[in-house]
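Read the structure below first, then the notes.
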There are 2 protein chains.
Amino acid sequence: MPAKSLAAEPEAAPSNVEIRWNALLTEVLERRKPPVERKQARSKRTEQQILNAALRVFARDGISRSRIADIAAEAGISTSTLYDYYKSKEDLAYELPQAHMTEFSALFAEAATEKLTTKERLSLYLTMSADYAREHSEWARLLYLEIWPSVFVSETELKHTIDDFARVILFLIKEGMEEGWISRANDPYETAALLIGGINQVIITWLLYRKPRNLTKAGSEMAARMITILELEAAQAQK
Amino acid sequence: MPAKSLAAEPEAAPSNVEIRWNALLTEVLERRKPPVERKQARSKRTEQQILNAALRVFARDGISRSRIADIAAEAGISTSTLYDYYKSKEDLAYELPQAHMTEFSALFAEAATEKLTTKERLSLYLTMSADYAREHSEWARLLYLEIWPSVFVSETELKHTIDDFARVILFLIKEGMEEGWISRANDPYETAALLIGGINQVIITWLLYRKPRNLTKAGSEMAARMITILELEAAQAQK
DNA sequence: TTGAAATTCCGATGAATAGTCGAATATTTG
DNA sequence: CAAATATTCGACTATTCATCGGAATTTCAA
């Protein structure tokens, strides 16, 4: 691997890895293109009212039992106006996660600007995803219990957004393998499945049963445990 | 803990643990009560045709996009006849997983009758669940991508069936802790989340992307890895 | 075998919800 | 402030879910 930095500045010339990391984050953040640009302020407000109302109603009744008319009423507009904004109930349901996923990515990008190690980033990412679910439980209900799995309908826009979540983790895992604290003996995709599956299961269990009570604590404990596990595996492989 | 067995037979007097294990399996197997007993042979055939048709249509279109009329047509009966069998689309959708979950439990119970260690049972359970999903991929699509998460609508019958899945794993984990090869330092519920999340994520990824190609192999590898991890953790805790 | 009772099936129809369209209203802009 | 543009909504159609009463089929006792 060719050495890159020539500059002798004490202030970090960004490494190759760092550049790719930032590129990934940027791509993730820019994934979402605002679908239609609303011209009037009134319209922007209406759009927000619809999204808020939809989130409440979907989380309360579940997507399939929710009625467009209820959402419109909750938003204080007529049914037909809602159709001027979203062409179907499904469209509306799939729009909701997008905004929040992007916000999550932004929060993470912000929290991760500091000079953090790969390990810290991975830990932070997993921990934050659980914490974000706790803070936005209505959204989390929608995403984790209804949308995430059924994305198989190849609603490509949202699918990519969700795939991004896995891509970030995969990147960090591969980097961890380079650094040596994650064993190269295991398939990185399998490792990603373990991490994502583990943290998601904690979130889902919380959403369904409110157990364990404290999701933030449970999430960070699970994250810490999983990272310790990776280190144990690596140490084991060394022998 | 009081010693139990007095009998001196060389042929295993079932231990306390073994008795509780069998009780759990029995309970799981008997969970499902056949809803209505059909009187005519013709009717039994129709019921089967409906279930087969529903599985195909649901797996193809997803539950929410599927139409009752399509399912009836596929089954070769009229729409109204279908309503004589199931009182709503939701009812029908929730009936499907039940039968298969019970079949899975029966398969497992059969495969696990041999004198197996707790560790072998746990490994077998995880491995078999992935393999069963591969063999019944239409059903797996329905369960893992649509039903499992959204069970929160508290459809109690099915919910219990799904909870049973976790109970079996939890039992084996607790037993593993007794035996000492699973660390007592970790919450068994957290450990269960890790195992269930990990194996489910492998299954879900396969359902969505057909990757990795060989689900049976991926499932047994993941199972083996997770059990090794538990052992590593226990060994670590000993120090 | 037969015919009456039990069971299963289906066409006609009602009810609920999704989705469309053009006229009316509000906002922006020159 | 008036024309142009953007937004809203009431009235309407379309689709799908679900019900009901009677016809068709099966079962079974005599």
Side-chain angles (χ1 to χ4, degrees), chain A residues 33-96 142 146-147 150 153 155, chain B residues 34-96 142 146-147 150 153 155 158:
Chain A
K33 53 164 204 292
V36 191
E37 191 54 43
R38 297 284 158 186
K39 307 296 167 63
Q40 301 183 357
R42 170 179 64 152
S43 188
K44 288 197 176 68
R45 206 178 335 116
T46 303
E47 186 164 22
Q48 204 48 54
Q49 283 168 346
I50 293 175
L51 290 175
N52 290 342
L55 185 53
R56 276 198 301 279
V57 174
F58 281 151
R60 190 189 63 211
D61 299 341
I63 295 176
S64 71
R65 300 185 191 196
S66 296
R67 285 171 306 200
I68 288 281
D70 286 350
I71 295 170
E74 183 100 5
I77 59 170
S78 75
T79 301
S80 49
T81 298
L82 196 151
Y83 277 99
D84 291 330
Y85 285 78
Y86 301 96
K87 80 173 205 296
S88 71
K89 189 166 87 167
E90 211 170 72
D91 246 49
L92 176 55
Y94 282 33
E95 183 62 25
L96 281 168
L142 204 61
E146 302 221 56
I147 308 250
S150 77
V153 283
E155 187 75 11
Chain B
V36 191
E37 192 54 42
R38 298 284 159 185
K39 306 298 167 59
Q40 299 183 359
R42 170 178 67 153
S43 186
K44 290 198 175 68
R45 206 177 334 117
T46 302
E47 186 165 24
Q48 205 48 53
Q49 283 167 347
I50 292 175
L51 289 174
N52 290 341
L55 185 53
R56 275 198 302 278
V57 174
F58 282 149
R60 190 188 63 212
D61 299 340
I63 294 176
S64 72
R65 297 185 192 193
S66 297
R67 286 170 305 200
I68 289 283
D70 287 349
I71 295 170
E74 182 99 7
I77 59 171
S78 76
T79 301
S80 49
T81 298
L82 195 152
Y83 277 98
D84 289 333
Y85 286 77
Y86 300 96
K87 80 172 204 296
S88 71
K89 189 166 88 167
E90 211 170 72
D91 247 49
L92 176 54
Y94 282 35
E95 183 61 25
L96 281 167
L142 203 63
E146 302 221 56
I147 307 248
S150 75
V153 284
E155 187 73 13
L158 177 56

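Because the structure is predicted, anything quoted here is derived from the model rather than measured. Letters A, B, ... mirror the listed sequences (proteins, then strands); counts begin at 1.
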Whole angstrom is fine here: how far is it from [atom1] in [X] over to [atom2] in [N]?
X     : N      : atom1 : atom2 : result
A:D70 : C:dA16 : CG    : C1'   : 12 Å
A:Y83 : D:dA6  : OH    : P     : 24 Å
B:K89 : D:dT19 : NZ    : C1'   : 18 Å
B:E47 : C:dT8  : CD    : C1'   : 13 Å
A:L92 : C:dA18 : CG    : P     : 11 Å
A:L82 : D:dT8  : CG    : P     : 11 Å
B:K44 : C:dC9  : NZ    : C1'   : 17 Å
B:D84 : D:dG21 : CG    : C1'   : 12 Å

Does any part of the side chain of [Y], heavy atoms only, come nearer than 4.5 Å to the side chain of [X], both counted from C-beta?
X     : Y      : value
B:R60 : B:V57  : yes
B:Y86 : B:L51  : yes
B:I63 : B:I147 : yes

5' precedence on DNA chain D between B:S88 and B:R42 (nearest-nucleotide basis):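 Checking each residue's closest nucleotide, the 5'-ward one belongs to B:S88.
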
5'-most by nearest nucleotide on DNA chain D - B:I68 or A:T46: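 Checking each residue's closest nucleotide, the 5'-ward one belongs to A:T46.
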
Closest non-hydrogen atom pair, A:F58 against A:S66: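 The answer is CD2-OG, 3.4 Å.
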
Shortest non-hydrogen contact between A:I71 and A:A53, atoms and distance: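 That closest heavy-atom pairing would be O-CB, 3.6 Å.
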
Phosphate OP1/OP2 of C:dC9: any B:Y85 side-chain N/O under 4.0 Å: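 Checking C:dC9 against B:Y85, a side-chain N or O does come within under 4.0 Å of OP1 or OP2.
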
A:S78 side-chain N/O to D:dT8 phosphate OP1/OP2 under 4.0 Å: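 For D:dT8, OP1/OP2 do not have a side-chain N/O of A:S78 under 4.0 Å.
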
Side chain B:S80 and base C:dG11 donor-acceptor under 3.5 Å: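 By the distance-only test, yes, there is a pair.
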
Touch class at under 4.0 angstrom, heavy-atom based, for A:T81 against every strand present: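 Base, at least one base atom sits under 4.0 Å.
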
Touch class at under 4.0 angstrom, heavy-atom based, for B:S66 against every strand present: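 If one applies the 4.0 Å heavy-atom cut-off, B:S66 turns out to touch the sugar-phosphate alone, with no base involved.
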
Proximity to the side chain of B:Q40 - top-ranked nucleotide from C:dT17, C:dT7, D:dT7: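 Given the options C:dT17, C:dT7, D:dT7, the side chain of B:Q40 is closest to C:dT7.
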
